Every structure is written in C-alpha cells, then in structure tokens.
There are 2 protein chains.
Amino acid sequence: MTSKGNTVNINTPKGAYHHGDLRSALIETGLKRLEQGSAESLSLRDIAREIGVSATAIYRHFPDKDSLLAALAAEGLAKLAREQKAAGMAGGKQGFAEMGRAYVRFAMRHPALFRLIYSSLPPTTDPACQNPEESPGWLLRQTVSDLAGPTASDAQRRTGVLRAWALVHGLAMLMLSGQIAAKDADKLIDEVISVDSLKLG
Amino acid sequence: MTSKGNTVNINTPKGAYHHGDLRSALIETGLKRLEQGSAESLSLRDIAREIGVSATAIYRHFPDKDSLLAALAAEGLAKLAREQKAAGMAGGKQGFAEMGRAYVRFAMRHPALFRLIYSSLPPTTDPACQNPEESPGWLLRQTVSDLAGPTASDAQRRTGVLRAWALVHGLAMLMLSGQIAAKDADKLIDEVISVDSLKLG
DNA sequence: TGAATTATGTTTACAGCACTAACATGACTT
DNA sequence: AAGTCATGTTAGTGCTGTAAACATAATTCA
C-alpha cells in the first residue's frame, strides 16, 4: 500500500525515498505476480508498470532480474519456514506430521513461489549456514532429532532428516507437476508421511 | 547429422523433406542445448541458427515454443524410463534399489531435461494413460508390487509406490537445487532408499 | 506427363523483453 | 547555501517469440 505522496512515507520503516519505498513495493508486487503465474512469465516491465514507475527504476535496487527473483525466493523461504514452525509447535509425532502437511500445503498454495525457492541456481540459502532458523532443513532436523530420541546415532538422525525432507519435497513436487492427483492431498500426505517410515529408532 | 544436400536424405527414416528432417533436427539440437543450460535460456532462434534454418521454419513443425519443449520433455521421459527399466532388470530388492539410483543419477546427469520433464504445465504424460511403459510411475508400480508380494493390499501397494516415487523424486530435486550435497549421491541414495522404509509388507 | 495441391521453408515485420548509458532531481551532509 | 549521493527518468540496443505474406519443393491426380 506504499503511499505515492511526494513527501516521505512514514509508514514504510526501512527506507522511504522520493517515490516511496520502491524496493518493498517491488517485492510485494513480485510476490503478487507469482501467485498469478509462473516465475518464467514474470516480467520486470510488468511489475514496474503495476507500481507506476519506469522500467529501469528497478535497477537502482536490484542489479538484474535474477536478483529480484532471489529476493522473492528468500521471502518465500522465510514464509515457508514460519508456517512450518507454527505447524510443528505441537511437537512429537503429531507436530512432525503437521510440519509435513504444512510443507506440502504451502507448495500447493504457492506453486510458482515454491518452485522458485528451489530453482534459484545459487542454492537459495545454504541451510546449514546463513539463516538457519529460516530453513526447512533446519526445522526438520530439530523435529526429527527430537523424535529419534537420545539413543539415536548421528547417522540415523541424518538419514531420518534426509528421508523426511525428500519425502515431503518429492510429494509436493509430484503434485505440482500433476503426476499425482492433488485432490486428496491431505489424505495422501498422511498415508505417505508416517513416522514409522522414517525408520528412526 | 542430417545431411543438407538438396536431394532427399535417405538416412532419416521418418520423413525427409526438401531441407532434411527438420523436426528430428530440432529435437536433437534442443536436447543438446538442454545439456548445456537451463530450459528457460533455450531459444528457438538459437536452435534454428545452429541447424542453419530460418527462425520461423520451426513453426511448420511446432505451433509454439511450449510444444517443442513438450516434445523434448517426452523424449526425456522415454529416455528416463528406458534407463530405469534397464537398471531394474535384476528384480527384487536389488533391482528396486538400482532403479532408484538410476532415477536420481538421470536427474544429476541431465538436470535441465529432468526439470523440464516435471514442469510442463499439462502433465507431461498421464502415467496411467498414454504410454504406460514409458512412465516412471508405471515402472515403479510394477517393481513395488513385486516386492510387496501377493499378500499386500491394494492400498499398501499404492502407498508403497507413492512413497518410493516421492522419495527418489524429492532426493533428486533437492540435489538439483543444491540443498543436498550431490557429491556422495550414490551413498545417500542407498541410505535413504532402503526397501524397509517403504513399509510394504 | 503435366497441372494442381500441399508441405515445407524464407523474408519481413512487430511488440515485448532485459538491460545500458546519459541525464534529472530530490534528499542528506556539511 | 553548496555539494554529493541516492533515486528516478528517457532514449536506445539487441535479443526474443510469433504472425503474415510469399516462394518452392514434393506429392497427388487429371
């Protein structure tokens, strides 16, 4: 809702310059466009048009299109992590299952964004390094570690995480590409993501 | 290697017209380009240039770019199915594991093609319908059914297939996007794709 | 065999794209 | 108030996918 007044916009916290907080507006509009179509069909000029700014203004905030896409992906990743975290709060087996459901549901609700997250050529964010708390991998690791219990070996935990992540990710991707009917998604998730299938203990 | 002579090219079986078998050349060159870069960076004009034909000649064989991409995806799918079939020939648990490895290895060897296969908006080929024998889903179903044995229920088989497919697909996708180190790919596959994890019987 | 038809290709043209260079202006610093 | 820097604009380049009109080789049929 970035105001277009000719004075500084007080509502936008980060930095508001002589035409509003363009950087945030770009991301906001970019995400909106991602909800409507694929990432490939997203056009810088179109985003600029929607905001009401010249096409080249974008380059004051992002060196090229890929950078904007990367920013959108980062935003999406954070959102996904937030939803996963909330879903897994219950903890234990139930929390774990809820986390899986949240992962797949996010993919179904934001297909283009989800695909974008996992297609930025430079690995979106190294799950181990940058912002650990905002990584699905990290969240999974925590939950799976909890489930495994203290007796589990490191290798067991590692395999458990990998298996769980691959399972939900594969399920999400296959549904997105229409290889698996997405109608009874929740039921499928429950069938497939049973804790026992992780062979933790 | 389609000859460019002004007489009919005898080597190309399907249909050879007054400038060679352009349709095959387009697919061949398209696949070659996919080995070198992503599907998004693939350009019709570039392909035409490489073949030595005008850019618009393509439209005599494909109504638009997406159609050519769909043809490339179909070609890739067939190739993947062929490799899976060969890998699974051993049968039993070992054949099943080999099939999984083949799936992931294919993805690693042909990242752009693999992604393309699972991103054509109209589901590449409905695994149940069109060319069943050329579908990874169908191949998996056979193998998993074998493993499950005669006592397994239909639901168990269905879940087993889903779980196996999601597992290898997710693993492949996560590796492609750099979320999982692809170095020790084969070891990871073996860790994750253990038959027991399918909970068949 | 020769004429008509169809399949395949070409040239030309257009609008949209990402991106660069040169310039303008508003905002912050001193 | 002057100068600098951050942020915008307009104009232009070369790429893209694709449509329209035209050309020619291959095939069909009288």
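Not measured: the values here are computed from a predicted model. Below, chain A is the first sequence line, B the second, and so on; all start at residue 1.
Phosphate proximity of D/dG8 to A/R23: absent, as no side-chain N or O sits under 4.0 Å from OP1 or OP2. Under 4.0 angstrom from either OP1 or OP2 of C/dA7 there lies no side-chain N or O belonging to B/H61.
A/I58 places its CD1 atom 10 Å from the P atom of D/dT9, with the value rounded to the nearest Å. In this structure, B/I51 places its CD1 atom 10 Å from P of C/dG9, rounding to the nearest Å. Taking atom CD on A/E40 and atom P on D/dG17, their separation rounds to 14 Å, with Å as the unit. When rounded to the nearest whole Å, the span between CG of A/L22 and C1' of C/dG26 equals 15 Å. For the pair B/D21 CG and C/dG9 C1', the interatomic distance rounds to 14 Å; values are reported in whole Å.
Across every non-hydrogen atom of B/E191 and A/R158, the tightest pair is OE2-NH2, 3.1 Å. What you find for B/L147 and B/K93 is that their closest heavy atoms are CD2-N, 3.6 Å.
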Discussion item. Go through it in stages, so that I can follow the logic: the residues are A/V168 and A/V192, the test is side-chain contact (heavy atoms from CB on, under 4.5 Å), and I'd like the CA-CA distance, side-chain angles, deciding distance and then a yes or no.
Written reply: CA-CA 9 Å; A/V168 288; A/V192 168; over 6 Å; no
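Ring geometry for A/H169 versus A/F114: interplanar angle of 30 to 60°, hence tilted.
Looking at A/D64 and A/S67, their side chains do bring a donor and an acceptor atom within 3.5 Å of each other.
With sequence neighbours left out, A/R60 forms a salt bridge (Lys or Arg N to Asp or Glu O under 4.0 Å) with no residue at all.
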Practice prompt. Could you run through nucleotides 18-23 of chain C and give me one letter per nucleotide, 5' to 3': B if any protein heavy atom sits under 4.0 Å from the base, S if only the sugar-phosphate is that close, - if neither?
Written response: BBB-B-
